[in-house]
There are 2 protein chains.
Amino acid sequence: MRKLPAKLASQLYGAAELIAERGLDGTKIEDIAEATGIPKATIYYHLDGKNAVLEFLLGDLLDMIAGAVGVAVASEENARTRLEAAVQAQLGVMLEHPSLCRALVGDLGRATRLPELAAALRTAFYEPIEQLLAEGVSDGSLRQVADPGAVALSVFGAITVAGLSAAVEGPSADPSADAARFSSAVSELVLDGLATPGSRDQRRGEPL
Amino acid sequence: MRKLPAKLASQLYGAAELIAERGLDGTKIEDIAEATGIPKATIYYHLDGKNAVLEFLLGDLLDMIAGAVGVAVASEENARTRLEAAVQAQLGVMLEHPSLCRALVGDLGRATRLPELAAALRTAFYEPIEQLLAEGVSDGSLRQVADPGAVALSVFGAITVAGLSAAVEGPSADPSADAARFSSAVSELVLDGLATPGSRDQRRGEPL
DNA sequence: TCGTATGTTGTACTCACGGTACAAACCAAG
DNA sequence: CTTGGTTTGTACCGTGAGTACAACATACGA
């Protein structure tokens, strides 16, 4: 099943839009066959079924994200700057592939139930952030927070939901402009927060 | 179909865990019948099908969230304080109903494809935040940002993903303690950001 | 006490779709 | 030509959602 020929792989992308639109359940194998031009029998020859189609498509997306973010994170800058770069990289890839992103949101449940994908999700999205936050504390460019795990999760959420929503809003005319817009908004939030200097001094105590 | 008897409604919750675990697709109507004690024929008498089961369960969750957040937002405090309260409220409800949350993530695609739920999602999660951000600028307790829409989206993502992840980590012994922990982490991020004072002066220019 | 309306449930059915089986054709490479 | 992988059409099977329907329960007003 692994290693399906390049030609088929590229044809398979023709199914992304379909799956994004109707969800995997709403999409019949026959539909996929028609949309991609690959006959059903051939699909089953290479792939283990519907899920494998999704797995292939999303696996690719996740690899692209992990790759781009990996590059962004590997520079010599301080963690704060690299965090900005990572945000930009992740949003850039996401906005370049809106239908894959829509497929991802739409079938998130299935995706997380596919073990290989679940792992890829983690390494593509969450781990780089977590790492960066820790490094930022070491190099002094990011603040020490009380609960690094929870904060990393939130940062991850801020970035990802922004990208996902952007993808869901139908593809834009200029994805890279959008990516820039969104990533500066996200960075602004994540780095500087929303409190005004005036209200910032009131320390939060124990809520509840 | 609307207005199913209270007794059945409460029985239906018995299916939440099941759906959370296996996804709606992985759950047969027969399974739901068995888990809830409501026979299949009766389910179909009241509900329009599998989707309606999900719609009912998630609709309830969303109502609870919208309600709790609504209360939090309605106080006399400044927007910044109310934002903290809203975060706490949303996470509180989410952590109290982990299996509903898991069902929500798992079948997000389906949920957003059910028009009534899509609207409820918006009003429960996104709109209060958006509103609060605008009010914070007016009352001076929150900073004016370049792209309020995108920032609101990110804040929404930060809160929601934190809650969702917490819900996915299996139910905890003390949900309200967890809610407090997570909500203070999220508030810390959203209000104060992560940049250290030292690195904060380097303004971000045009990325890309 | 009946009659009618409304809910409850079991059983049996239909039908769409995912997946499989298989045989025929195709296409290298040796 | 032969051999071994690939490609594809076609026919088929099993599962599970949804439907039909009849029998039964329950309530309630006349």
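Worth saying up front: this structure is predicted, and the values here are computed from it rather than measured. Below, chain A is the first sequence line, B the second, and so on; all start at residue 1.
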Rounding to a whole Å, what distance do you find between B:Lys28:NZ and D:dG14:P? 15 Å

Between P on D:dA17 and CD1 on B:Ile29, what's the gap in Å once rounded to a whole number? 6 Å

Flag yes if more than 12 heavy atoms outside B:Gln11 fall under 6.0 Å of its CD atom; otherwise flag no. yes

Between atom CG in B:Asp48 and atom C1' in D:dT19, what is the gap in whole Å? 13 Å

Correct closest heavy-atom pair for B:Leu95 and B:Ala179 would be CD1-N, 3.3 Å

Using whole Å, report how far NE2 of A:His46 lies from C1' of D:dT7. 8 Å

Between A:Asp25 and A:Arg110, does any NZ, NE, NH1 or NH2 come within less than 4.0 Å of an OD or OE carboxylate oxygen? yes

How long is the line joining CD1 of A:Ile38 and C1' of D:dT6, in whole Å? 13 Å

Can you check each nucleotide of nucleotides 20-28 of chain D against protein heavy atoms at under 4.0 Å and return B for base, S for sugar-phosphate only, - for none, in 5' to 3' order? ---------

Could you tell me how far apart B:Asp25 (CG) and C:dG18 (C1') are, to the nearest whole angstrom? 12 Å

Touch class at under 4.0 angstrom, heavy-atom based, for B:Lys40 against every strand present: base

Would you call B:Leu61 and B:Leu57 a side-chain contact if the rule is heavy atoms closer than 4.5 Å? no

Grab the CG-C1' distance between A:Leu47 and C:dG18 for me, whole Å please. 14 Å

Note: B:Asp139-B:Arg80 ion pair, threshold 4.0 Å (strictly below): no

Closer to the 5' end of DNA chain C via nearest nucleotide, is it B:Leu8 or A:Glu30? B:Leu8

In terms of side-chain geometry, is the basic nitrogen of B:Glu127 or B:Arg122 positioned less than 4.0 Å from the acidic oxygen of its partner? yes

Run the salt-bridge test on B:Arg102 and B:Glu17 with the 4.0 Å N-O cut-off and return the result as yes or no. yes

Atom NZ of B:Lys7 and atom P of C:dT6 are separated, to the nearest Å, by 21 Å

Among C:dG7, C:dT20, D:dT8, which is the nearest nucleotide to the side chain of B:Tyr45? C:dG7

